[in-house]
Amino acid sequence: MRGLFFMCLTSALLCGSCRQVVHTINMKQISPEVRAAADQPGCWYAYLPERSPGFCLMTRHAIVWRDLEMNLGRWRARHPESPHRVLMEARGDTFILHRRYIWDGMTWGCTRPQDLLPTLLHDALYHALQNGAPVSRREIDRLFLRLRRQGGKRFAYAEYLGIRIAGGLYNAAGDKGSLLIEGQGGAPAALEPDRPEPMLGEQG
């Protein structure tokens, strides 16, 4: 039975994109804890059930993440249909994801509270990489591994190895043309002032 499954998976990969295969055979879920927290005042993300099980989570305010072990370069990404709108920025060891960014949580299985920040940062950086941001996939995956270890994730390294093996296929099938990447010269984009902008992490 296992051999038959892998034969079918291999055939599907040959006939379609990795992303199509994932959505075909994967039963994605958002956990009740994640959905309940989204309803609480001040929660940093929103749950969009009308878009479930796809990209159904959205940031409500900017996320600022600093990790002294990473070097993402200096660039920013704008919305292609609204070029004045900056969606994300990299400033070396700091990554800024502006509000109203939509992501889908775990690529496989159930998204739980401890999965939210790692999947958000990993998905956003992969999104940038797909559109030409000058950052390496290894750098992004290593950040994900550190986040998982900090969160006490069991078998974090095994999960990391899976991402290293499969992430290239998934990344190659991504959303090209959905961001405008530019080198960051001059002043950084201003954070929108209607919500506090917490520095969520500083690792080193």
Determine, step by step, whether Arg51 and Ile102 satisfy the side chain to side chain contact (heavy atoms under 4.5 Å, CB included) criterion, reporting the C-alpha distance in whole Å, the side-chain angles of both residues, the deciding distance to 0.1 Å, and the verdict.
-> CA-CA 10 Å; Arg51 302 188 66 153; Ile102 295 175; 3.3 Å; yes
Find the distance between [atom1] ([X]) and [atom2] ([Y]) and round it off to the nearest 0.5 Å.
| X | Y | atom1 | atom2 | value |
| --- | --- | --- | --- | --- |
| Arg76 | Glu182 | CZ | CD | 5.5 Å |
| Ser136 | Arg142 | OG | CZ | 11.0 Å |
| Asp67 | Phe95 | CG | CZ | 12.5 Å |
| Ile181 | Met88 | CD1 | CE | 7.0 Å |
| Asp141 | Leu125 | CG | CG | 10.0 Å |
| Arg148 | Gln114 | CZ | CD | 7.0 Å |

Check [X] against [Y] and note the closest heavy-atom contact, atom names and distance.
| X | Y | answer |
| --- | --- | --- |
| Pro113 | Ser31 | CD-OG, 3.9 Å |
| Ser178 | Pro80 | O-CD, 3.1 Å |
| Leu120 | Trp44 | CD2-CZ3, 3.6 Å |
| Ala128 | Trp75 | CB-CH2, 3.4 Å |
| Ala156 | Arg149 | CB-CG, 3.9 Å |

Taking [X] for the side chain and [Y] for the main chain, is one N or O donor matched with an acceptor at less than 3.5 Å?
| X | Y | answer |
| --- | --- | --- |
| Arg137 | Arg164 | yes |
| Glu139 | Asn71 | yes |
| Asn131 | Gly177 | yes |
| Arg35 | Ile30 | yes |
| Lys28 | Asp104 | yes |

Give the intermediate values and the outcome of side chain to side chain contact (heavy atoms under 4.5 Å, CB included) for residues Met58 and Arg100.
-> CA-CA 6 Å; Met58 181 182 70; Arg100 301 192 306 277; 4.3 Å; yes
After noting the C-alpha distance and the side-chain angles of Trp103 and Thr119, does the key distance pass the side chain to side chain contact (heavy atoms under 4.5 Å, CB included) rule?
-> CA-CA 8 Å; Trp103 85 109; Thr119 60; 3.1 Å; yes
Contacts of Tyr45 that satisfy ring-ring contact (aromatic ring centres under 6.0 Å, His included) - sequence neighbours left out | none
Quickly, which of Leu143, Leu147, Ile140 forms a side-chain contact (heavy atoms from CB on, under 4.5 Å) with His122? Name it, please.
-> Ile140
Selection residues 120-135 - residue pairs positive for salt bridge (Lys or Arg N to Asp or Glu O under 4.0 Å), sequence neighbours left out | none
Group every Ile, Leu, Val, Met, Phe, Trp and Tyr by side-chain heavy-atom contacts under 4.5 Å, then state whether Leu87 and Leu117 land in the same group.
-> yes
Full working for side chain to side chain contact (heavy atoms under 4.5 Å, CB included) between Leu68 and Arg66 = CA-CA 7 Å; Leu68 298 179; Arg66 189 180 187 203; 3.6 Å; yes
Mind checking whether Thr94 and Trp65 have side chains closer than 4.5 Å, heavy atoms only?
-> no
Would you indicate whether the side-chain heavy atoms of Gln29 and Met106 approach each other to under 4.5 Å?
-> no
Is it the case that more than 12 heavy atoms not belonging to Arg112 sit under 6.0 Å from its CZ atom?
-> no
Show which residues join Leu145 in its hydrophobic cluster (side-chain heavy-atom contacts under 4.5 Å, direct or indirect), or state none.
-> Tyr157, Tyr160, Leu161
